[in-house]
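For ligands, and for the atoms within them, numbers begin at 1 and follow the listed sequence. In what follows, every heavy atom counts, from backbone to side chain, and hydrogens, waters and symmetry copies are set aside.
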Amino acid sequence: MRPPRSLSSRLIVYWIVGSALAYFSLPVAIRISFAALGLGEFRDENLESWTTKRARYIVQAALREGPDGRKFIEPTDELRGYMRRNPEFRFAAIDVETGAVLPGSSEELATAFAPSTRVDMLTISFHMADDPNPNARGWVRTIGTAIGDMRFVLYGAYFRPEDLFYNLSYTLTIRNFFVYLPFCGVLTLIAFVVVRRGLAPLRAAAGAAASIDVNSLKERIPSADLPSEIAPFVEAVNHALARVDDGVARQRRFLANAAHELRTPITILCAHIANPDDATFRRDVKRDARRIRTIVEQLLSMAHVDNQKGGVESETDLGNVALSVILSYMPLTIENGRNIELEQPSAPVIVRADRWAVESILTNLIENAVRAEPKGGAVLVRVHGDARIDVVDHGDGVALEDRDAIFEPFWRKSDATRGAGLGLAVAKELMDKLDGRIWVEETSGGGATFKLSFRSERAFVAQSPSANAVL
Ligand SMILES: Nc1ncnc2c1ncn2[C@@H]1O[C@H](COP(=O)(O)OP(=O)(O)OP(=O)(O)O)[C@@H](O)[C@H]1O
Ligand SMILES: [Mg+2]
């Protein structure tokens, strides 16, 4: 059965079940504990008294009074069963008023106690002097029954675990139930009021949350008056709001920058189209179109990265990807008087990453490095066996203060450069998605060295001595 959705109802149901269990079984549990601990002042609460009580109830249920007023014991099935299980058990019932021993009583016990009718025996424990069992105990107790005050003499009943359950059943009486009912009612009411009052600030918080939309992401849900159990949840929602706010602000900045970046080449393109007779018309238009295409491609890969969810499943060989990117750049690079070299271990370096992602990262780094490399120089791509890659050039390098900024979208050292300033931002975003790291250092002797480190848990690295393959 599903629990009710309302917290108050749930609490009240648990409360009723829990309190009923406690109310009806706690007295028994407490008395057992006292008995087990053997506390002196609770002498009466030993396990033997449980047994005697049960035995007395059974005998008491067998008392009868005939139409002529004669009182006697008529063994019930329960009494017979009890005696079968306790062969040493004997009992006697003596009418306190008349001193008469009720027929059905044990003669031995009756003669031992009948003469003492003039003594008020409330509760007495005894041992029959001629009983060879030194542990055997008897109890005398005078109780008012339906047929008058009776002195019960019980002997030889030994404790059995089921006596506990038997005694437990005595607490489940109609009378106890009617005592419990108002008690439970009052506490249920208190529980209901406490829950309603306790949750009132939550209702206020829900009202505040309902008014937050994409234009009011700076607002936060007030958590000051909330109960301490709920406050962490609302604070977590506030943190989530802050992250969403950050994300939305970043997207808006990105959109504004993207529009700005596209506007410049489009304006230039329009100007060129307005003068189709210029000698350089075709070359200019081609260059403008290429620039627009580059920006759009980078924007698309940025969007592609953003849409990627976590949990990359495929495995990629870093050396293999590096080689294929280098090969695609080689003709143009050589044409421009530069070279690219690849160093990689002889064994594959496998990481858990999508091939297109590693390709995109390396393409951006190699493209930048080739652009920065002075004529006649060589860019070096070094793949390490521990899932790291260095892309080394010997250009101007990246100033210390720019080493974080270069990974921001649209950041460029100068507007004169051709790109949109998105390549490194895409690479960083992808490395973050792969739980890896990207950073830039200085090449010894001058230039920039971009370093990639893929997460080692994700790497299945075949360690082997580095064998260089230089292209
Ligand atoms: N190897 C490098 N050496 C020196 N500066 C670099 C190097 N790589 C990147 N930069 C600087 O970082 C800036 C940002 O690089 P990024 O790749 O993000 O953009 P971009 O190359 O200008 O344009 P895009 O890659 O979007 O076509 C570059 O404009 C350049 O100023
Ligand atoms: Mg670039």
Side-chain angles (χ1 to χ4, degrees), residues 250 253-266 268 286-306 322 325-326 328-329 332-333 336-342 356-382 389-433 436-452:
R250 221 181 51 223
R253 262 198 323 272
F254 184 84
L255 210 65
N257 283 333
H260 178 81
E261 288 303 318
L262 280 171
R263 197 170 58 184
T264 314
I266 289 172
I268 297 171
K286 255 193 191 160
R287 196 192 54 218
D288 297 340
R290 214 171 28 239
R291 175 142 197 216
I292 293 169
R293 197 182 64 194
T294 309
I295 296 173
V296 169
E297 272 168 6
Q298 292 287 41
L299 284 174
L300 283 174
S301 45
M302 200 79 183
H304 188 44
V305 175
D306 271 348
V325 174
I326 289 170
S328 67
Y329 266 90
L332 195 67
T333 312
N336 289 327
R338 285 139 182 112
N339 200 357
I340 313 181
E341 295 173 357
L342 172 65
W356 69 263
V358 182
E359 233 166 40
S360 168
I361 296 163
L362 279 179
T363 302
N364 276 307
L365 294 189
I366 291 173
E367 191 183 281
N368 288 349
V370 166
R371 204 193 304 148
E373 189 64 33
K375 210 163 182 167
V379 168
L380 171 64
V381 179
R382 198 184 289 125
I389 301 183
D390 302 338
V391 178
V392 186
D393 69 52
H394 309 88
D396 294 338
V398 181
L400 212 56
E401 65 272 19
D402 296 337
R403 287 187 188 169
D404 284 332
I406 52 169
F407 295 105
E408 291 292 321
F410 303 106
W411 190 93
R412 282 167 308 183
K413 181 94 186 151
S414 95
D415 279 350
T417 43
R418 260 184 306 143
L422 285 173
L424 289 177
V426 169
K428 166 130 184 35
E429 197 87 6
L430 283 169
M431 284 310 283
D432 284 350
K433 287 250 152 66
R437 226 160 66 75
I438 178 170
W439 71 103
V440 61
E441 290 178 5
E442 193 176 330
T443 307
S444 66
T449 297
F450 280 82
K451 299 201 163 195
L452 300 172

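Considering both main-chain and side-chain atoms, L424 comes within under 3.5 Å of ligand 1 through a nitrogen or oxygen pair. Looking at R412 next to ligand 1, no N or O pair under 3.5 Å apart turns up. Looking at ligand 1, you'll find an N or O of R371 within less than 3.5 Å of one of its N or O atoms.
Rounded to the nearest 0.5 Å, atoms CG (N368) and CG (D393) are 9.0 Å apart.
By the 4.5 Å heavy-atom criterion applied to side chains, R382 and K451 are not counted as neighbours. Side chains of W411 and D402 form a contact here, defined as non-hydrogen atoms less than 4.5 Å apart. The closest side-chain heavy-atom distance from M431 to I361 is below 4.5 Å. A heavy-atom distance below 4.5 Å is not found between the side chains of V358 and L452.
Residue nearest to atom 3 (N) of ligand 1, selected from A427, A425, A372: A372 (by heavy-atom distance). Which of D393, T294, T449 comes nearest to atom 1 (N) of ligand 1 through a heavy atom is settled by distance: it is D393.
Not close to ligand 1: D396, with no non-hydrogen atom less than 4.0 angstrom away. G421 counts as a contact of ligand 1, since one of its heavy atoms falls under 4.0 Å from the ligand.
For the Mg ion (ligand 2), the N/O/S atoms of N364 include none lying under 2.8 Å.
Ligand-side atoms of ligand 1 in range of G423: 16 (P), 17 (O), 18 (O), 19 (O), 24 (P), 25 (O), 26 (O), range being under 4.0 angstrom from any heavy atom. Remark: ligand 1 atoms within the under-4.0 Å shell around heavy atoms of I406 are 12 (O). Near G397, meaning under 4.0 Å from one of its heavy atoms, ligand 1 places the atoms 4 (C). Listed by number with element, the atoms of ligand 1 under 4.0 Å from a non-hydrogen atom of L422 are 18 (O), 19 (O), 23 (O), 24 (P), 26 (O). Those atoms of ligand 1 with a heavy atom of K413 less than 4.0 angstrom away are 29 (O), 31 (O).
Within 6.0 Å of atom CG in D432, more than 12 heavy atoms from other residues, nucleotides or ligands are found, so the atom counts as buried in its surroundings.
Evaluated for a side-chain contact (heavy atoms from CB on, under 4.5 Å) with V370, the options N336, V379, N339, L332 yield exactly one hit, V379. The only member of V392, L380, I326, V381 that meets side-chain contact (heavy atoms from CB on, under 4.5 Å) when paired with E341 is L380.
Ring planes of F450 and F407: perpendicular class, angle over 60° (limits at 30 and 60°).
Contacts between F450 and ligand 1, counted as non-hydrogen atom pairs separated by less than 4.0 Å, involve the side chain only.
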